[in-house]
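Written below as structure tokens is the structure these notes are about.
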Amino acid sequence: MPAAALSPEVLAKYEPVIGLEVHVQLLTATKAFCGCRNHFGSAPNTNVCPVCLGLPGSLPVLNEKAVEFATLASLAINCQVRERSIFARKNYFYPDLPKGYQISQFDKPIAEHGFIEVPTANGGTKRIGITRLHLEEDAGKSLHEGFSDSATCTYIDLNRCGTPLAEIVSEPDIRTPEEAFEYLTRLKDILLYTGVSDCNMEEGSLRCDANVSVRLKGAERFGTKAEVKNVNSFRFVRAALEYEIERQIEVLESGGRVTQESRLWNADEGRTYSMRSKEQAHDYRYFPEPDLPPLIVSAEFLAEAKKKLPELPEARRARMVAEYDLSTRDAATLTASREFADRFEAAARTARNPRRVANVLLSEVGGRLKALNLDQEQSPVSMAGIVQAADLLDEGKISSKQLKQLFDVCFEKGEDFPAVYDREKPEQITDASALEGLIDQVIAANPKQVEQYRAGKTTLAAFFVGQVMKATKGQANPALLNELVTKKLDG
Ligand SMILES: [Zn+2]
């Protein structure tokens, strides 16, 4: 039953407590404990060997790259990396887990005590603690759909068995579904910047489970939590939490008790369902993995990882706000991906005026892409084209109106800026006497503005420039026009 009937007063009595567990597949070439290819989309059961199939007598060998990536991710989320961590067997039976256990880490994970900061509604930031990051292996995949006999059979693809995973567990510091959404967005941003995962949620490279409980405001103890499993988008996590919080409050308000259980989010119906499976009673019987020695992260290895850590999104945004004179929002657009931010900055540095490159990119290109509902990657205008346009504008060789017209052509015809500019070569009026005649006319037609200008309102010069520019259909040389207008008005 939907929980929409609760009044705001009732909802306000309670405080949600949320913790998130995120599984991220690491982008290594090979699997965590064998040499099989780590690749999404291969034909089923082709990237397998005795080790990842769990055949008797096979032994795991740890992939150093997986350790490097886990270390990089740990540093990026401000965790302390343990010098000595221990692999453990997590025992459970499932058809897609041929070994009957998963190699994971238990009481001694590779990293602990991290945090990330999320923006709050009042413009500040809030620190969300990260309990731990541990290294483990993924299981295979049961395929319940897509075969002619799917009604009666389940198929199994074991390619995913042994894919290296970092599991990142937050502290129960999150208090609203919005904060959960922000936390996940920031975390994904950071991980993408480090390059350790592609974080592709459709392909399952990033998966999220949310633990949520509610308690009366001011209560010390947490309420009984429910776990919402495997929600495949951040928006759905937010929606599932909103639903689950109201559901739990409704249970408590009607005198019932929240059951500790796993629940599944149904996006079509916008509600969670109890999984009602025996899985809830798991006892994983963890014990140290006898086939792997303790994992030692040496000081040298850690120092190397620190050197490989790129400038992270938050720091990069702050620097770009200062360097290019941008708003925080514009900086967020330009740093949406590391690759895009890199391309922008590499191009901007070759320009006469990097700030102008940012302006042209955001206002002219960004605006048109948004109107057409296109991604940056689909833009007909290259970064080099944007730099050329910004330089021409900066040198006064084209007016901003001409720039707009040229970009219109680029987007209409799907052509890059240099080609369009070469062909159209917009005419410019650089003849001072021609412009002076027009300026005289505009001055004569606007005596009131002239009076205000001469009384000290010098910003009105832009008005006269605009009028003349309009009269020339944007063809006046902007630098020359500015100079002449000021001279006439002051003269
Ligand atoms: Zn293998």
Side-chain angles (χ1 to χ4, degrees), residues 22-74 85-106 108-110 133-144 146-147 153-168 191 194-207 230 284-297 301 305:
V22 172
H23 285 88
V24 203
Q25 288 182 340
L26 300 175
L27 215 49
T28 53
T30 56
K31 294 186 182 181
F33 302 109
C34 63
C36 288
R37 200 167 161 228
N38 172 23
H39 180 254
F40 180 88
S42 296
N45 301 306
T46 51
N47 300 329
V48 290
C49 74
V51 174
C52 53
L53 291 176
L55 299 186
S58 64
L59 286 170
V61 177
L62 178 59
N63 180 346
E64 186 175 334
K65 201 74 187 169
V67 179
E68 183 191 315
F69 281 179
T71 306
L72 266 178
S74 301
S85 61
I86 302 291
F87 285 104
R89 282 193 186 179
K90 180 180 181 179
N91 298 280
Y92 61 95
F93 173 77
Y94 213 74
D96 57 21
L97 188 75
K99 285 208 296 273
Y101 61 87
Q102 187 183 9
I103 302 179
S104 180
Q105 294 187 308
F106 183 48
K108 292 188 176 63
I110 186 166
L133 180 151
H134 69 251
L135 199 51
E136 62 181 26
E137 60 177 340
D138 211 342
K141 219 176 167 180
S142 298
L143 309 172
H144 303 288
F147 298 92
C153 293
T154 290
Y155 287 76
I156 295 202
D157 178 6
L158 296 175
N159 282 344
R160 205 173 70 176
C161 271
T163 296
L165 289 178
E167 179 174 341
I168 299 164
L191 292 170
T194 59
V196 303
S197 174
D198 61 19
C199 296
N200 185 328
M201 293 189 82
E202 284 89 58
E203 295 180 358
S205 336
L206 189 152
R207 312 193 290 266
N230 262 325
Y284 292 119
R285 295 174 294 118
Y286 281 101
F287 61 86
E289 167 60 58
D291 291 340
L292 286 166
L295 168 58
I296 306 296
V297 175
F301 189 89

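Indexing begins at 1, ligand by ligand and atom by atom, following the structure's order. Keep in mind that the numbers below use all heavy atoms, side chains included, and drop hydrogens, waters and symmetry copies. All figures in this text were calculated on a predicted structure; none of them were measured in a lab.
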Given a cut-off of 2.8 Å, the protein N, O or S atoms lying below it from the Zn ion (ligand 1) are Cys34 SG, Cys36 SG, Cys49 SG, Cys52 SG
Can you name the salt bridge (charged side-chain N to carboxylate O under 4.0 Å, His left out) partners of [X], sequence neighbours left out?
{"X": "Glu136", "answer": "none"}
{"X": "Lys65", "answer": "Glu68"}
{"X": "Glu289", "answer": "Arg89"}

query: How about Asn47 and Ser42: does a side-chain donor come under 3.5 Å of a side-chain acceptor?
result: yes
- request: Compute whether any side-chain donor of one residue and acceptor of the other, for Thr163 and Gln25, lie under 3.5 angstrom apart.
  value: no
In terms of the angle between their ring planes, are Tyr284 and Tyr92 parallel, tilted or perpendicular, with boundaries placed at 30° and 60°? perpendicular
